[in-house]
Amino acid sequence: MTTNRNENFTGNVAFVTGAASGIGRAAALAFAREGACVAAADVSEEGNQETARLIEEQQGGRALAVRCDVMRAADVKAALAKTVEAFGRLDFTFNNAGGHRAEEAGSDRGIRRGRVERFTGGTAEGRAKVIAEEPVGRMGKPEEIAAAVLWLCSDAAAFTVGHAMVVDGGQTIQ
């Protein structure tokens, strides 16, 4: 395990999938804010480039945007190789991207609906209903998931193994 003093990731390299937006982008930015070099991997080249730009221009960090479809093993292997080639090592991976085959879903992959839209129906009424059901009284933020990811990668969590951590504002305990 890589040693990180004071939860600082300076000198480390993080590989984040799904880094073009949402939780993946928040995690990539959080790793960079803590000093890590970040390989931002996603199928969305435009969003991926934007994440890398934000890391470099707004945080002064080092970033690599790499196109990667996590449904293709060859893409993942190539993206990991590019990361090690660019930064000389790999310390952490956050496998945030997921997916299913389009033929199994019965739809095109170009169609991407956000998780929030799926639960709220994309309406103000639907959003209010979801928020009313949240024990903490609000919806979670991508940055809150990113904070949990960084903690799990830190020495503070060194004794945490074999546990499914639920970060959902208490939704599962209702």
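A continuous path of hydrophobic side-chain contacts links Met165 to Leu150 [ILVMFWY only; heavy atoms under 4.5 Å]. Residues Val167 and Val136 are members of separate hydrophobic clusters, defined by side-chain heavy-atom contacts under 4.5 angstrom among Ile, Leu, Val, Met, Phe, Trp and Tyr.
No donor-acceptor pair closer than 3.5 Å links the side chain of Arg67 to the backbone N or O of Glu45. Side-chain atoms of Ser154 come within 3.5 Å of backbone N or O of Ala156 as a donor-acceptor pair. With hydrogens and angles disregarded, a donor-acceptor distance shorter than 3.5 Å links the side chain of Asn48 to the backbone of Ala40.
Distance check, rounded to the nearest 0.5 Å: CG of Asp42 to OG1 of Thr51 gives 7.5 Å. Between the NZ atom of Lys77 and the NZ atom of Lys82 there is a distance of 15.5 Å, given to the nearest 0.5 Å. Distance check: Gln49 CD to Ser44 OG gives 9.5 Å after rounding to the nearest 0.5 Å. A distance of 11.0 Å separates CG of Asp155 from CG of Asn8, quoted to the nearest 0.5 Å.
Atom CZ of Arg72 is surrounded by 12 or fewer heavy atoms from other residues, nucleotides or ligands within 6.0 Å.
Using a 30° and 60° split on the angle between ring planes, Phe92 and Phe9 fall in the perpendicular class, above 60°.
Using a 4.5 Å cut-off on side-chain heavy atoms (C-beta onward), Val70 and Asp75 make no contact. For the pair Val38 and Arg62, the minimum side-chain heavy-atom distance is 4.5 Å or more. The shortest side-chain heavy-atom distance between Cys37 and Asn12 does not fall under the 4.5 Å cut-off.
Residues satisfying the side-chain contact (heavy atoms from CB on, under 4.5 Å) test with Glu144, not counting sequence neighbours, are Arg138, Lys141.
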